[in-house]
S.K.: 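Below are the structure tokens for one structure; questions will follow.
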Amino acid sequence: MTNEEAAAFVAQLQAGKRFVTRSQEEEWGLTYAGNGRYHKWTRHLDQESQETLTERALLDLLTTHYRYDVMVARLQD
């Protein structure tokens with residue numbers, strides 16, 4: 001994902017959309033928590049984890065590991 005695409009994705013989270021996806025046994029998602037913070041959660045089998053990311057950390061994660069078209073297709077209201 002490019003920097004511009006990551007910024008557009010983050011703007012959609014800030015506008016109230018949330019991201020949720022599932023692959024095999026894992027489900028995870030992202031929501032905007034306010035004040036430049038983002039909530040990332042993961043469920044894998046019987047384990048759950050949560051973390052709070054700064055906007056910079058989220059942008060780095062998005063540009064390093066994800067494709068915009070795949071991520072934006074899974075945004076929900």
Side-chain angles (χ1 to χ4, degrees):
M1 182 178 309
T2 67
N3 290 333
E4 293 79 16
E5 290 170 335
F9 183 84
V10 166
Q12 291 184 61
L13 291 175
Q14 290 173 345
K17 294 202 178 238
R18 58 189 173 97
F19 171 84
V20 178
T21 191
R22 176 180 290 198
S23 61
Q24 296 180 10
E25 297 95 19
E26 183 179 65
E27 181 179 17
W28 71 279
L30 294 164
T31 56
Y32 182 56
N35 296 326
R37 304 274 183 218
Y38 299 82
H39 180 71
K40 181 180 182 227
W41 57 268
T42 304
R43 289 188 199 108
H44 182 73
L45 300 174
D46 293 332
Q47 301 174 357
E48 291 188 28
S49 66
Q50 299 181 27
E51 65 181 304
T52 300
L53 304 171
T54 64
E55 187 167 318
R56 180 75 257 154
L58 178 57
L59 290 169
D60 289 344
L61 180 72
L62 293 171
T63 58
T64 303
H65 298 286
Y66 298 102
R67 289 182 22 203
Y68 179 76
D69 60 331
V70 172
M71 298 288 286
V72 78
R74 291 174 173 84
L75 283 171
Q76 303 174 356
D77 289 323

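FYI, the numbering just counts along the sequence from 1.
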S.K.: So how far is it from Thr42 OG1 to Gln50 CD, rounded to the nearest 0.5 Å?
M.R.: 9.0 Å
S.K.: Find out whether Phe9 and Phe19 are in side-chain contact, i.e. whether some heavy atom of one side chain is under 4.5 Å from a heavy atom of the other.
M.R.: yes
S.K.: Could you tell me whether the side chain of Thr64 and the main chain of Leu61 form a donor-acceptor pair under 3.5 Å?
M.R.: no
S.K.: Considering only heavy atoms from C-beta outward, does the side chain of Trp41 approach that of Glu27 to under 4.5 Å?
M.R.: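 In short, these two side chains touch, coming nearer than 4.5 Å.
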S.K.: Would you find more than 12 non-hydrogen atoms of other residues, nucleotides or ligands less than 6.0 Å from Asn35 atom CG?
M.R.: no
S.K.: Would you say the side-chain atoms of Tyr38 and Glu51 include a donor-acceptor pair closer than 3.5 Å?
M.R.: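 Side-chain D/A pair, Tyr38 to Glu51: absent.
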S.K.: Quick one: CZ on Arg74 to NZ on Lys17, what's the gap to the nearest 0.5 Å?
M.R.: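 So the CZ of Arg74 and the NZ of Lys17 are separated by 15.0 Å.
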S.K.: Any chance you could measure Leu30, atom CG, to Leu75, atom CG, to the nearest 0.5 Å?
M.R.: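 Atom-to-atom, Leu30:CG and Leu75:CG are 9.0 Å apart.
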S.K.: Measuring from Tyr66:OH to Met1:CE, what's the distance to the nearest 0.5 Å?
M.R.: 9.5 Å
S.K.: Let me confirm one number: the CG-CZ distance from Leu62 to Arg67, rounded to the nearest 0.5 Å.
M.R.: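 So the CG of Leu62 and the CZ of Arg67 are separated by 14.0 Å.
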S.K.: Do Leu59 and Asn3 have side chains that get closer than 4.5 Å, going by heavy atoms?
M.R.: no
S.K.: Do the side chains of Leu13 and Leu58 get nearer than 4.5 Å, heavy atoms only?
M.R.: yes
S.K.: Nearest 0.5 angstrom please: Gln12 CD to Asp77 CG, how far?
M.R.: 10.0 Å
S.K.: Could you check whether any side-chain N or O of Glu5 sits under 3.5 Å from a backbone N or O of Thr2, counting only pairs where one atom can act as donor and the other as acceptor?
M.R.: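 Yes, because the side chain of Glu5 sits within donor-acceptor range (under 3.5 Å) of the backbone of Thr2.
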